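One structure is given here, and the rest of the page talks about it.
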Amino acid sequence: MIGRNSASTQRPNAAHAADGRLRDLAGAAVLTAFFLLASGHNQPPSGGHTLDALGYLLLVLAGAAVALCRRFPRTALILVVAALGCYLGRGYPVGPIYLAGMLVLFSLGWHTPRRTAASGTGLLVVVLTVVSLTTRLGATVLPLIFAGWAAAAVFLGEVARNRRVYLEGVRQQTRSLELTRVEQARRRIAEDRLRIARDLHDSVGHAMAMINVQAAAGAHVADQRPEAAKQALMAIQQASGDVLDELTAMLSVLRADGESAERMPTPGIAQIRALVESSGSPRLRTGVVLEGRTQDVPEAVGIAAYRIVQESLTNVIRHAGASFVQVTVRAENDRSLHVEVCDDGAGAASTPASSGSGIGIRGMRERAESTGGRLDAGPGPRGGFVVRAEWGPRP
């Protein structure tokens, strides 16, 4: 594949170069024909010569040299200077051949550095001036004409070169901005995927822990207490239904067909009470306290708080062996938020400090810090394990 791509890239470049050479040759041929046709009827100056074989050869040389202006401007300058010097020295009729000098100086100013263009201009002016003074053909006028033509040609070439550099800079900047936009879009997509993966883990992990606990409790009491087994099955149904609804909402974000899909509300502070109550079982009692104006909590902070409570409850169910867990959410008047989850289980073993993304203490701490808060977790003063998340006052 690499070889094919390289070959396909080289073919357009070669075709473009061939087209450029053909245009150069065609332009030089037209210019040479113009020199020959326009110069044949002019009269030579006093003491000069009519066009002979050498004169026509110099016209052809000057015209042909223009074909080299784009690719080899220095070579073209030397050929044109030689042709114009001989043409002027022989005293041939004044004609359009001097356009070749202007064209080559224009190309020199366009394709070469300023110092090179100035040196080429000086060479042409000096050669033509020396020849003009030596042959005494218009000695007082021609040097000024040569200098004016040369300065104008180089100036126009410099303007064209600056414009080309400016446009190239604009194109480079446009490409850079486009690449930056692409990279930013890719980064946003990666961040969204990471967020969805974390939310997916939290939801599925909590639901599966609930289902596991309720299934074990139902199996334990199925014979002696059928009504308790029925309640466990209903809790399993509720937990599995909730996680399926949330999975549907999350996966709808990843739809590739661009169609809109109905989505559940993003879980936040308002859903914490239901989350805690649904986590209870015959083996695990739960308590929840919501204080203050929790409805004023920003959405991003509310989502983080919900996920931290969800992950904490999951770890209590799976690892702590606790009989009671208390969740407290308090929104202060200074618009700060405090979340605490404490249990009476096996202390430090309650929450594994895993290195995953969205798992354990590290994942909960990342959620808190990403929304401007902080999280502490450790054994409680009277046993068990305590997870505290705090968000400071907001301006």
Side-chain angles (χ1 to χ4, degrees), residues 187-188 190-203 205-206 242 246 249-250 253 263-279 286-317 320 322 325-343 345 348 350-382 384-395:
R187 184 166 58 252
R188 285 195 296 269
E191 292 173 352
D192 288 342
R193 287 176 175 173
L194 179 60
R195 176 184 56 80
I196 292 172
R198 286 178 171 177
D199 292 346
L200 193 60
H201 164 268
D202 292 345
S203 299
H206 179 76
D242 290 343
E246 191 162 357
M250 290 181 181
V253 178
R263 299 183 57 187
M264 293 178 58
T266 303
I269 298 292
Q271 286 75 36
I272 287 182
R273 182 180 295 278
L275 172 68
V276 176
E277 292 175 350
S278 67
S279 301
T286 61
V288 57
V289 176
L290 299 178
E291 298 179 348
R293 296 181 59 83
T294 56
Q295 66 272 19
D296 295 336
V297 175
E299 182 180 5
V301 175
I303 295 173
Y306 178 91
R307 295 302 182 188
I308 289 172
V309 172
Q310 185 180 52
E311 179 69 12
S312 299
L313 292 174
T314 301
N315 289 323
V316 170
I317 294 171
V325 59
Q326 174 72 33
V327 176
T328 303
V329 178
R330 185 172 66 256
E332 303 288 357
N333 293 331
D334 60 0
R335 306 187 69 188
S336 62
L337 179 68
H338 303 269
V339 176
E340 180 178 279
V341 181
C342 59
D343 63 73
S350 299
T351 305
S354 119
S355 61
S357 58
I359 308 174
I361 296 175
R362 179 174 178 178
M364 292 188 289
R365 181 172 289 113
E366 289 176 353
R367 284 190 179 278
E369 292 176 351
S370 67
T371 52
R374 63 186 183 88
L375 182 137
D376 297 315
R382 290 172 293 187
F385 199 83
V386 179
V387 176
R388 293 187 182 91
E390 297 181 354
W391 288 265
R394 298 177 300 280

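Just so you know, these numbers use all the heavy atoms, side chains as well, and skip hydrogens, waters and symmetry mates. Positions are given from 1, in the same order as the sequence printed here. Just so you know, these numbers come straight off a predicted model, no measurement behind them.
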Open item on the list: How long is the straight-line distance from CD of E340 back to OG of S312, given to the nearest 0.5 Å?
Closed with: 10.5 Å

Task: salt bridge (Lys or Arg N to Asp or Glu O under 4.0 Å) partners for R365, two or more places apart - done: none

Task: V288 and V309, any side-chain heavy atoms less than 4.5 Å apart - done: no

Open item on the list: If you apply the rule side chain to side chain contact (heavy atoms under 4.5 Å, CB included), what do you find for L313 with V327, and how did you get there?
Closed with: CA-CA 9 Å; L313 292 174; V327 176; 4.2 Å; yes

Task: Approximate separation, where rounding is to 0.5 Å, of R367 CZ and I303 CD1 - done: 9.0 Å

TODO: Taking all heavy atoms of D296 and all of R335, pick out the closest pair and write down the distance.
DONE: O-NH2, 4.3 Å

- [ ] State the CZ-OG1 distance between R330 and T294, to the nearest 0.5 angstrom.
- [x] 13.0 Å

TODO: Starting at CZ of R293, measure out to CD1 of I269 and round the result to the nearest 0.5 Å.
DONE: 14.0 Å

- [ ] Check the surroundings of atom CD in E299: do more than 12 heavy atoms from other residues, nucleotides or ligands lie under 6.0 Å from it?
- [x] no

Open item on the list: Ignoring hydrogens, what is the shortest heavy-atom contact between V339 and A305? Give both atom names and the distance.
Closed with: CG2-CB, 4.0 Å

Task: Pairwise distance OG1(T286) to CZ(R273) - rounded to 0.5 angstrom - done: 10.5 Å

Open item on the list: Looking at Q271 and G268, would you say the former's side chain and the latter's main chain have a donor-acceptor pair under 3.5 Å?
Closed with: yes

TODO: Over all heavy atoms of both residues, which pair between A377 and I361 is shortest? Give the atoms and the distance, please.
DONE: CB-CD1, 3.9 Å

Task: Closest approach of A368 to I308 (non-hydrogen atoms, all atoms of both residues) - done: CB-CD1, 4.0 Å

Task: Pairwise distance NE2(H338) to CD(E390) - rounded to 0.5 angstrom - done: 5.5 Å

TODO: Check whether any side-chain heavy atom of R307 lies under 4.5 Å from a side-chain heavy atom of E311, and answer yes or no.
DONE: no

